Amino acid sequence: MTSGAETEAVVTEPTPPQRVLPTAVVALLVAVLCALAAALALWSLHRMLEPPAGVDALLVVLALVALLPLVPAVRAFGDDRRRGRHLAAGRLAPARHQAASGREHAHTAMGYALAVLICAGLVWFTTANDGAITRTFLRWEFLRSSFANVLDAFWINVEVAVGAQLLVLVVGLVVAVMRLLPGRAGRPLRWLAIAYVDTFRAIPSIITLYLVGFGLKLAQVPVFKDLSPVWLAIIALTLTYSSYVAEVYRAGIESIHPSQWAAARSLGLSYGMTLRTVIVPQAVRRIVPPLLNDFIGLQKDTALIGVMGVTDAFAQSRLTASNVFNLTPVIVVAVLFVLITIPQARYVDRLLAKEQTRTGRS
Amino acid sequence: MTFLEIHDVHKNYGDHEVLRGVSLEVAKHEVVCLIGASGSGKSTLLRCINALEPIRSGEIRVAGDVVSGLGVDVNRLRRNVGMVFQSYNLFPHMSVLRNVTLAPVKVGGRSRAEAEEKALALLDRVGMKDKAGAYPDALSGGQQQRVAIVRALASDPQVLLLDEITAALDPELVGDVLAIVRELAQDGLTMLLATHEMGFARDVASQVCFLHEGRILERGTPAQIFEDPQEERTRQFLGRVLASGRL
Ligand SMILES: Nc1ncnc2c1ncn2[C@@H]1O[C@H](COP(=O)(O)OP(=O)(O)O)[C@@H](O)[C@H]1O
Ligand SMILES: [Mg+2]
């Protein structure tokens, strides 16, 4: 009886909003400390670069940006004051509203301040050791002198990547379909498909590249021994990545509900026709995101084709780098890879989001 | 003349015997309703008839020809035996029109124009002509099921198998779909349907079979089965259905 009365009291008694002040104080401290760290980092950058006035102005702007988290931190104090006033006047709902807004401001200040701190740390790192790090990785004159060479060689990477991707689309599907063949007749082909996937998924692609690149020539294998190194690279990467993509296809095909098979077969469509007109077209939609992920992996692995004697962008950049004792050319390759990958990554994100809303709706 | 003959069919999934000697004859233009509790084997029986499931023993004949066992051209069989499923199973990546014309074009060897003309005529009959370009996602359950019926009819099947085609529909949509089946029955299409709609079964069936644990326990005209069931199990089943307000 008493406990019942107590819980009732707890339920009906409105709870006043908690104070925001402690959170606001912490937020202000964090914002100030992070701004200080940013100022120090920028100062050390200024000393290292001894830059012209234009760049110095930029540094000043950056320092001001680092102060921005102070704005929400200060606002949190205002919210706390207004919360107190509302509460004193017995206006509970507005008081709660101010408290929530104050906490939100304080948290925002901390989030932005921490981001400033991380950026400051990165800037400081580039200036450490009296700027030796920056000079090793990024020298304007080497960037200028190596850019054309490296970009030229990068087309080989693009060529190999696109060639292998096209082949992988076909070979991967063939292997996946082999692996899904039904019945006793399909068994040997199923086993072959499984053996292929198991083998080439296990072998590091650099080893496959090496073996294909030198082995086929060494053994004087007809046809293959006359192929250009670029073609051998395409073949090697196709071997490796078809094994991944076959699994992606298979997962996609198996994710189609069996009732689709039943419906198609009940209309008199054969196994192959059902696969071609009903199952694979639906599966392809679902596998585009994982497929693109594997393609990004393939693109990056084109940096390994140097082991078979092809002068791709990475090999070219290492050559240049060792001439000038500086890693700037390698950074150029890295940036090129980033530049071609980012649009694809965003595209995958978009597709995934679209798939999410689609399946979420149905 | 007996058109569909099912003789002593046994079917099991692993150790579980689902059909234990089912025999059934369906004459041309007849409408046979399968009733029975969930799990009694109605769907399995229908799937065995068009060879979506292999049977262990027994024999199934369509138009005098044995269609069970090895060496049967299942794709030809299935052109004669249409099927409509509880969950519609339309192809979501194809428009309504493409769903309907797929089999006539790919399997029946018709020209696309011819198939589309016929498909549109059939869609018109079920009030779905204006949705010919729509995708299944954009249709209600009742509309999808009407398209699924048209899809099965587009190959000119000699017999239609319908597996609880209204079970997944909202109650207010059931009537439309049943009206179409009723019309097909009046046109003389041979049909074998599993259903929980007892009122409908009473109206359209020429024969009602009560399935219980993989056996046809009782069969007869709707009047015999619904008004004067002989078997205790049938009475119990109908009593339960009555209690749930579906008779
Ligand atoms: N693919 C399957 N694998 C194993 N058991 C199944 C399968 N399909 C159906 N069954 C079993 O067979 C029995 C009959 O199922 P079903 O024919 O769907 O009954 P109904 O359609 O009358 O509800 C049930 O016990 C069910 O669990
Ligand atoms: Mg069923």
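Here is how names work: the chains are called A, B, and so on, in the same order as the sequence lines, proteins then strands, and each is numbered from 1. Worth knowing before you read on, the calculation uses all heavy atoms, side chains too, and leaves out hydrogens, waters and symmetry mates. Everything numeric here is computed off the predicted structure, so don't read it as measured data.
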Quick one, [X] and [Y] - any side-chain contact, counting heavy atoms below 4.5 Å?
| X | Y | result |
| --- | --- | --- |
| A:Gln260 | B:Pro92 | yes |
| B:Phe85 | A:Ser266 | yes |
| A:Leu269 | B:Arg78 | no |
| B:Val107 | A:Leu267 | no |
| A:Met273 | B:Asn75 | no |

Tell me, side chain or backbone of [X] under 4.5 Å from chain A's heavy atoms, or both, or neither?
| X | answer |
| --- | --- |
| B:Val84 | neither |
| B:Phe91 | both |
| B:Arg151 | both |
| B:Leu77 | neither |

Take atom [atom1] in [X]; do more than 12 heavy atoms of anything else shown fall under 6.0 Å from it?
| X | atom1 | result |
| --- | --- | --- |
| B:Lys28 | NZ | yes |
| A:Tyr112 | OH | no |
| B:Lys11 | NZ | yes |
| B:Phe3 | CZ | yes |
| A:Glu254 | CD | yes |
| B:His10 | NE2 | yes |

Open item on the list: Using a 4.5 angstrom heavy-atom cutoff, name the option from B:Leu52, B:Val81, B:Asp73, B:Asn80 with the most pairs to chain A.
Closed with: B:Leu52
- [ ] Just do the side chain to side chain contact (heavy atoms under 4.5 Å, CB included) check on A:Arg265 and B:Val74 with the steps written out, would you?
- [x] CA-CA 9 Å; A:Arg265 296 308 302 272; B:Val74 290; 4.3 Å; yes
TODO: Measure the spacing between CD of A:Gln282 and NE2 of B:His93 and express it to the nearest 0.5 Å.
DONE: 5.0 Å
